[in-house]
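One structure is given here, and the rest of the page talks about it.
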Amino acid sequence: MARNALPKQSEDFPSWYVEVVKRAGMAEHGLAKGTMVIKPHGYALWEAIQKALDDRFKATGHENVYFPLLFPEKLLSKEAEHVEGFAPQVAVVTHGGGEKLEEPLVIRPTSEAVIWSTYANWVQSYRDLPLLYNQWCNVLRWELRTRLFLRTSEFLWQEGHTAHASSPEAMEETLRMLEIYREVCEDVLAMPVNPGRKSPSERFPGAIETYTIEALMRDRRALQSATSHFLGQNFARAYDVEFLNRDGVLEYAWATSWGMSTRIIGGLIMVHGDDSGLRLPPKVAPVQVVIVPIYRSDDEAGAVLPVARTLSDTLAGDGIRSRVDDRDQHRPGFKFSEWELKGVPVRIEIGPRDVEAGQVVVVSRTSGTKRTLPAGEASSTMTSMLRNIQQELYDDALSFRDANTHDAHDYDELRAGLQAEGGFWVGAWCGDTACEQRVSQDTKATVRFLPLEPEDPGAACVVCGRPGVDKAAWARAY
RNA sequence: CGGGGCGUAGCGCAGCUUGGUUAGCGCGCCUGCUUUGGGAGCAGGAGGUCGGCGGUUCGAAUCCGCCCGCCCCGACCA
């Protein structure tokens, strides 16, 4: 029966995650500690995510650029909070060409420093603004504890870095990009997310305000899925990016930066996956429909395979990514399990009986039930079926998120809820870091986000009882 | 950096306490036959510097020392 079954999510979620990532062919560990080899099935997902984001970046006027992996160490230290925030995680190159370098180079943990140093040369006038640039690249942050996709020393991401002539314009950009992240997560990845601001202690080092979208995993832990930062004039001041405004007055440029990383793949796995493995949203699934031919003899293979291949071609003509699994070394049952593990949204089975009867058997990854369709309708049915699966995944995740989002009215409720149930717990907060730290120490949960439009923020702080200034959503996080 | 554990075939492990033939098992891999609608069976086969260096010994996967690497828990983090 179920040989090589995965660990059950309900019994051992961390093991389930590791096993799914490995067995589904997503990724494995690299040779150096904390590094990751992204395998074809994982990289194809990343490519789909890249495309969804990049199309939207372009549509909102951004262009792609590339800045160097290495830059002089002293650049980092120009922005005080920035260097303090990243110093423990930066890798430094001290030798090259067999000799000690006179000036050490850092491997980028993020590119504000090198980019703003360069922007200084690009900006003289308000006519040079805005600069709306993005780059796709890798970054390196020394990590103590790593998990595939969720936290590795090296990871892939995009980082947008924009410069503006005014504060409102930069703020508008910050929120525009947050909205794009929300849209990609919800509409493309079928992942419901909560947009919000970060508390000061969770802010990006050097930012005035950090915005986030937070998703809830199926083990009721939160995942920061993307961030967008309003950097004010901090980086312009540190890297000397000044321009003459319309009034002929020198002014520092206003900045934003925003990023989403391969971490989102870990989120995708943990939001949708079930005990059989991955469940991929059709919009990003590298294979949307897998066709498994079934036959015993060479004669039957001769009858079945051409039908399978013709159907695959027809689907391709309709813009559907399909694949015939004609591997001879595995029997159908093995293939069913494997493609379920890999999260393919739809499986079509075609055997001798089906060819005879002019039909196919269709199975959805979300419902798992088998349906028999006339062969001629298979292609026309697929588009709506994939759309339904996309919607079902979103609806499932949304109802799970909502069922695990609670109001906390006092500290006992907050603490007990975070410890016993998990999920998001929302309550008024006075804004004092001391209250924030107390919750973290008691429950290991952190403020994940401050809702953009809080209801009744003036209620008593759930920790200390003083008047609140914000609402905070707490959760244990990855 | 503190605490715990591990390194033996591609993967997962046994063997080590009490040194002694050609170092084993499961999965996977290769070949053949039978199979194929929910993770196939049988037969044959390939695959190892036992993490590294040094020591003890007639003899070391096994005992001793040093080193390297990895994993888990904690302090930092997208």
Side-chain angles (χ1 to χ4, degrees), chain A residues 1-6 14-15 18-19 22-23 28-35 84-90 109-110 138-147 149-159 181 198 201-205 207 210 212-215 222-229 257-267 276-277 292-301 304-305 325-341 347-357 359-363 368-370 372 440-441 444 446 448 477-478:
Chain A
M1 288 289 287
R3 295 168 48 125
N4 303 317
L6 286 168
S15 299
V18 170
E19 286 298 313
K22 287 184 181 168
R23 291 204 219 167
E28 59 189 48
H29 285 104
L31 296 177
K33 182 184 164 77
T35 61
E84 193 184 331
F86 279 105
Q89 292 189 276
V90 172
T110 182
N138 57 343
V139 287
L140 190 76
R141 301 179 184 180
W142 221 252
E143 295 287 354
L144 299 173
R145 199 181 156 207
T146 59
R147 305 185 68 184
F149 290 117
L150 298 171
R151 174 159 294 111
T152 48
S153 288
E154 182 189 7
F155 57 90
L156 306 182
W157 76 348
Q158 56 69 216
E159 46 178 328
Y181 290 140
K198 280 296 187 185
S201 63
E202 297 268 330
R203 255 180 221 146
F204 177 77
T210 287
T212 180
I213 50 172
E214 299 278 329
L223 182 79
Q224 177 174 308
S225 300
T227 48
S228 184
H229 314 290
S257 68
W258 25 274
M260 182 183 276
S261 75
T262 40
R263 181 182 224 204
I264 197 68
I265 295 173
S276 299
V292 178
I294 296 158
Y295 49 82
R296 278 164 296 227
S297 61
D298 286 349
D299 280 354
E300 288 182 348
V304 164
L305 283 172
D325 185 355
D326 57 3
R327 291 174 299 173
D328 212 29
Q329 68 268 36
H330 295 297
R331 295 156 85 220
F334 178 92
K335 296 176 183 176
F336 298 167
S337 303
E338 188 177 75
W339 289 110
E340 279 164 11
L341 176 64
R347 177 176 80 242
I348 296 179
E349 306 172 13
I350 302 179
R353 297 202 298 265
D354 302 310
V355 173
E356 187 99 2
Q359 65 185 30
V360 297
V361 173
V362 175
V363 190
T369 53
K370 297 193 178 189
T372 302
S440 302
Q441 280 166 9
K444 295 190 175 174
T446 48
R448 297 321 304 158
Y478 277 97

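These values consider heavy atoms only, across backbone and side chains, with no hydrogens, waters or symmetry-generated copies.
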Interatomic distance at C1', B/C63 relative to B/U56, whole Å | 8 Å
Using the C1' atoms only, state how far B/G52 lies from B/G7, rounded to an integer number of Å.
-> 11 Å
Using a heavy-atom cut-off of under 4.0 Å over every strand shown, decide if A/Leu150 touches base, sugar-phosphate, or nothing.
-> base
Looking across every strand, which nucleic acid part, if any, lies under 4.0 Å from A/Arg327 by heavy atom: base, sugar-phosphate, or nothing?
-> nothing
Without hydrogens or angle criteria, can the side chains of A/His229 and A/Ser257 be said to hold a donor-acceptor pair below 3.5 Å?
-> no
Name the closest nucleotide to the A/Arg296 side chain, picking from B/G38, B/U36, B/C76.
-> B/U36
So which nucleotide from B/G37, B/G74, B/G38 ends up closest to the side chain of A/Pro352?
-> B/G37
Look at the side chain of [X] against the base of [N] and say whether a donor-acceptor pair falls under 3.5 Å; ignore hydrogens and angles.
X        : N     : result
A/Lys444 : B/G74 : no
A/Glu338 : B/G39 : no
A/Arg331 : B/G41 : no
A/Arg353 : B/G37 : yes

Using modelled atom types only, decide if a donor and an acceptor are shared between the side chain of A/Lys335 and the backbone of A/Asp325 within a distance under 3.5 Å.
-> yes
Non-hydrogen atoms of A/Val139 and A/Pro109 that approach each other most closely | CB-O, 3.7 Å
